[in-house]
Amino acid sequence: MAAAPPAALVNRHKKHFMGIPAPLGYVAGVGRGATGFTTRSDIGPARDANDVSDDRHAPPTKKKKKEEEEDDDEDLNDSNYDEFSGYGGSLFSKDPYDKDDEEADMIYEEIDKRMDEKRKEYREKRLKEELERYRQERPKIQQQFSDLKRGLISVSEEEWQSIPEVGDARNRKTRNPRAERFTPLPDSVLARNLGGETTSSIDASSGLMSQVPHATPGMLTPSGDIDLRKMGQARNTLMNVKLNQVSDSVSGQTVVDPKGYLTDLQSMIPTYGGDINDIKKARLLLKSVRETNPNHPPAWIASARLEEVTGKLQTARNLIMKGCEQNPKSEDMWLEAARLQPPETAKAVIAQAVRHIPTSVRIWIKAADLELETKGKRRVYRKALENIPNSVRLWKAAVELEEPEDARILLSRAVECCPTSVDLWLALARLETYENARKVLNKARENIPTDRQIWTTAAKLEEAHGNIPMVVKIIDRAINSLNANGVEINREHWFEEAVEAEKSNSIHTCRAIIKSIIEYNVEEEDRKHSWMSDADKCISEGAYECARAVFEYALSVFPRKKSIWLRAAHFEKNHGNRESLETLLQKAVHHCPKSEILWLMGAKSKWMAGDVPAARGILSLAFEANPNSEEIWLAAVKLESENNEFERARRLLAKARAQARTPRVMMKSAKLEWCLHNLDEALRLLEEAVQVFPTFHKLWLMKGQIEEQKGELEGAHETYNNALKECPTSVPLWLSLSQLEEKQQKLTKARSVLERGRLKIPHNGLLWLEAVRLEFRAGLKEIACKLMAKALQECPNEGVLWAEAIFLEPRAQRKTKSIDALRKCEHDPHVLLAVSKLFWSERKLQKTREWLNRTLKIDPDFGDAWAYYYKLEKQHGNEKSMKEVEDRCMAVEPRHGEMWCKVSKNIENWRLKTEEILIKVVNEIPIPI
């Protein structure tokens, strides 16, 4: 081991003040402005005033002088204060208070009381009025809900009982604070249990806070530490001294209230929230700019605005006026000066500005704005026009203040002074008579031959006075004239003119513009695509007449294009009326007689209007044009069956089976007999059909369902088995056979059927879904969950499986499962519907509506979503919202959805309309819980 250094060497490097106790009342750094603070660990727990002090450097007591002892004897407590004697006694104790003075004070006091009673009634009345006025402006909570409280009289006992209990909306930590809260023990308790106390202090060498354990109560603190409690006491003492110094002046008048000082500081609202140093720097910089370049207006304006922001409005006014003297020709300077001045002074400022800059339009307009009466504004504008006769802005402002007759006279002078202003010419034309307006527009075209608005205004003028043939001529001349003058013909701008013409009810003008411009700058091979795009754009802007004109022109060029006829027919169906649609369809079938859908649309339009003979006539013409057409045969059968002409429908189907035997014709024949409860005839037709078309699975399915309805379960079982031999990839057949086995309580066979189906048709979500539901219906939820996990592994993108999996989970885990489902199948309608039902179960109704709308936007043919939406509005909406959902559903006529097909394909509901099916589905679906 190395030898220890000698003691002399250690003492030589030791500082002379180390180990020496600190002076009494010493706080390190207080002379340099440093302050300290104390914490709970410094002063320990709260102590009684009589406890022994815990000061480590308590100052020794010293003898007081005699005068100080006398001053300390004075008790300055409020309870010791007397109105005449002051604190503790009178200064004039040798001259006691006179009895006469006391009697006079009593008399004055009685007089004051008497006068106060006289004013009491008036004062109470005034206070009552103020209180009533205050309560009208700010009523109490109980007054705000008084009408609702009165409404509680009509609440029945059942409604009282149905009010849900108020749940605890707080989180778990707030609900059970004792179980979650953990308060650690202070270090002083730990140190005391170790046998000593701690003192929080700052190490002078490192600047870090340390806690020094004291093994014994008498152990001293190292001299290098700073007592934080002493620092806090010193700071408080210094603050009290400063407040006491400024609290009273020599004369005894209070200058600063020490108690309300900080409160007053907090209540002050500064006009500028920035740093005062930044303001000073900005002032200095702007002053330098002004002195360097006094003829620079932005510097003066910036200086004035800086003073305005900081609340020195008068300084800002002085600065800006000084700047106006330096820059009398600056518009911005004068306008800023007028803005900063009050209205009376602003007029004088603007008058000076007008004398310096008589040709400034902005200054004249500002001068007119400062006038309060219309007469004064007119006078200013007319004076301005004498100085600036070619200002269009001044002419417009002046005309707006005049009556129509005076405005016409003023505009006639305006177009002479400003012949190139289109707005002035058009305004004058609007105020003139028909003949004079034509002359005005002709003059305008001579002065401005390159503007299209003058031509379109002339066309609107002619249309307004019934001169329709002239409209087309004017638009044609307009395009030729503009081309001759070198103006580029822009199709988009002209289409905008057509839209504007339609909005102003100038229908013939907009049609003329469309016909004249539609072929401009369009390649021959791009015509159809370009014109359809133009029509879509017009429809999106609500310009239906423009779109109709585009379709008319396109059909005149391409009369044999079935796609254009269809788009035009759909346009008329959505935005036109029945007459326009039927007229269009008549033209369509004339040009495209082989298009079955056009014939069918025409027949349906007549049928929906109640004109059944006209619909039959259209279908008979369709038969002539399209013999042996399956679609037309079936449409004719539907028309007759819907109108209770069952014999006609049977004869039509018999002819169709003889002339155009197809699987659908055979299926419709059997279905008609099934609907009319002729089950034996339906089975006979199906037996014949499956022999001819064995691979059409719907025939087998109908045959099995009819046999189930008749109670022939063995025959249905045999039918399904034979069908699966012919159609092994038909999912409905596998599902029907499994459900038949389940009805006969043969769960093992049902499972076997579904497993065989999954082997034949791998990765099919519907077969996996039926297997999961089979186990769930059997009460085996664990097995169902395991099967669902396997199903999601094999079919990770099947929305029907994810939608079912969400509600198989416990309530607490459904949200997590829904997030996984959305990640895998973001745009699947089944998943979106499941999320909507999840929000509904949590009573988040607005989010439910949003997600249902999102579902229907992705797949409007999804009937289940419509049913849930209608049920939501039925329970939580109103009649208007229910009607809106019903109308939207009828417009799209949905045909798919599990619950929807279950109702619509039920043979008992074969004649129900869309709205009736919707009501039945709504009554069958459960409320999400």
Side-chain angles (χ1 to χ4, degrees), residues 695 697-698 700-701 704 720-721 723-743 746-838 851 854-855 858-859 861-865 896-902 928:
T695 57
H697 72 279
K698 289 186 179 181
W700 292 102
L701 199 60
Y720 289 139
N721 282 322
L724 288 172
K725 293 176 183 177
E726 300 290 343
C727 312
T729 58
S730 173
V731 175
L733 286 174
W734 289 106
L735 296 178
S736 298
L737 181 56
S738 170
Q739 291 166 2
L740 179 62
E741 298 289 359
E742 187 182 0
K743 285 181 183 177
K746 299 177 182 178
L747 294 180
T748 305
K749 286 191 175 182
R751 293 189 187 101
S752 175
V753 169
L754 291 174
E755 190 170 354
R756 284 164 47 205
R758 294 198 298 272
L759 291 175
K760 292 285 186 181
I761 316 171
H763 309 293
N764 187 273
L766 293 176
L767 292 173
W768 278 106
L769 179 63
E770 182 62 25
V772 171
R773 289 179 175 175
L774 176 66
E775 302 298 340
F776 194 80
R777 289 193 294 265
L780 304 173
K781 186 175 180 181
E782 293 183 2
I783 298 177
C785 292
K786 291 180 181 179
L787 270 177
M788 180 59 75
K790 291 181 181 179
L792 292 175
Q793 286 180 353
E794 185 172 343
C795 309
N797 298 319
E798 283 288 345
V800 289
L801 291 176
W802 282 105
E804 188 77 14
I806 291 173
F807 290 94
L808 280 179
E809 296 289 335
R811 180 179 292 274
Q813 300 175 11
R814 288 178 184 175
K815 187 175 181 180
T816 305
K817 199 71 174 180
S818 66
I819 294 173
D820 296 338
L822 288 171
R823 191 178 295 116
K824 290 287 185 180
C825 310
E826 184 179 0
H827 301 293
D828 191 278
H830 296 87
V831 174
L832 296 178
L833 178 60
V835 174
S836 305
K837 292 192 288 185
L838 185 62
W851 281 83
R854 189 179 302 181
T855 306
I858 289 177
D859 187 7
D861 196 44
F862 191 27
D864 290 2
H896 294 90
E898 183 181 0
M899 296 298 297
W900 188 272
C901 291
K902 183 179 177 181

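For this chain, numbers begin at 1 and follow the sequence in order.
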Looking at [atom1] of [X] and [atom2] of [Y], how far apart are the two atoms once the value is rounded to the nearest 0.5 Å?
X	Y	atom1	atom2	result
Leu787	Arg773	CG	CZ	13.5 Å
Ser730	Lys698	OG	NZ	10.0 Å
Ile806	Leu801	CD1	CG	11.5 Å
Thr729	His697	OG1	NE2	9.0 Å
Leu832	Ile858	CG	CD1	4.5 Å
Asp828	Phe862	CG	CZ	8.0 Å

Can you name the nearest heavy-atom pair linking [X] to [Y], along with the distance?
X	Y	value
Asn764	Ile761	CB-O, 3.6 Å
Cys825	Pro796	SG-O, 4.2 Å
Pro829	Thr855	O-CG2, 3.5 Å
Asp864	Leu833	CB-CD2, 4.1 Å
Leu747	Ala778	CD1-CB, 4.0 Å

With side-chain contact (heavy atoms from CB on, under 4.5 Å) as the test, would you mind laying out the steps for Leu701 and Tyr720 before giving the verdict?
-> CA-CA 7 Å; Leu701 199 60; Tyr720 289 139; 4.3 Å; yes
In this structure, which one of Arg751, Arg756, Arg758 forms a side-chain contact (heavy atoms from CB on, under 4.5 Å) with Leu754?
->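 Only one of Arg751, Arg756, Arg758 forms a side-chain contact (heavy atoms from CB on, under 4.5 Å) with Leu754, namely Arg758.
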Passing candidate, side-chain contact (heavy atoms from CB on, under 4.5 Å) with Trp802, options His830, Lys817, Met788 =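 Only one of His830, Lys817, Met788 forms a side-chain contact (heavy atoms from CB on, under 4.5 Å) with Trp802, namely Lys817.
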Does Ser738 reach the main-chain N or O of Trp734 with its side chain, forming a donor-acceptor pair under 3.5 Å?
->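 Not at all, since once roles are kept as given, no pair shorter than 3.5 Å links the two residues.
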Counting N and O atoms only, with roles assigned by atom type, does the side chain of Ser752 sit under 3.5 Å from a partner on the main chain of Thr748, one being a donor and the other an acceptor?
->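 Looks like no, no N/O pair under 3.5 Å.
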Taking atom types as modelled, is there a side-chain donor on Glu726 or Trp700 under 3.5 Å from an acceptor on the other?
->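 Trp700 and Glu726 do not have a side-chain donor-acceptor pair below 3.5 Å.
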Only one of Glu798, Glu794, Glu804 passes side-chain hydrogen bond (donor to acceptor under 3.5 Å, both in side chains) with Trp768; say which it is.
->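 The single option meeting the side-chain hydrogen bond (donor to acceptor under 3.5 Å, both in side chains) with Trp768 is Glu794.
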Is the CD atom of Gln813 crowded by more than 12 outside heavy atoms at less than 6.0 Å?
->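 Yes, CD of Gln813 has more than 12 neighbouring heavy atoms, counting only those of other groups under 6.0 Å.
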Does a sphere of radius 6.0 Å around CZ in Phe776 hold more than 12 heavy atoms from other residues, nucleotides or ligands, not counting ones at 6.0 Å or beyond?
->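 Not buried by this count: 12 neighbours or fewer within 6.0 Å.
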Check the pair Glu742 / Arg777 against salt bridge (charged side-chain N to carboxylate O under 4.0 Å, His left out), numbers first and verdict last.
-> CA-CA 10 Å; Glu742 187 182 0; Arg777 289 193 294 265; 2.9 Å; yes
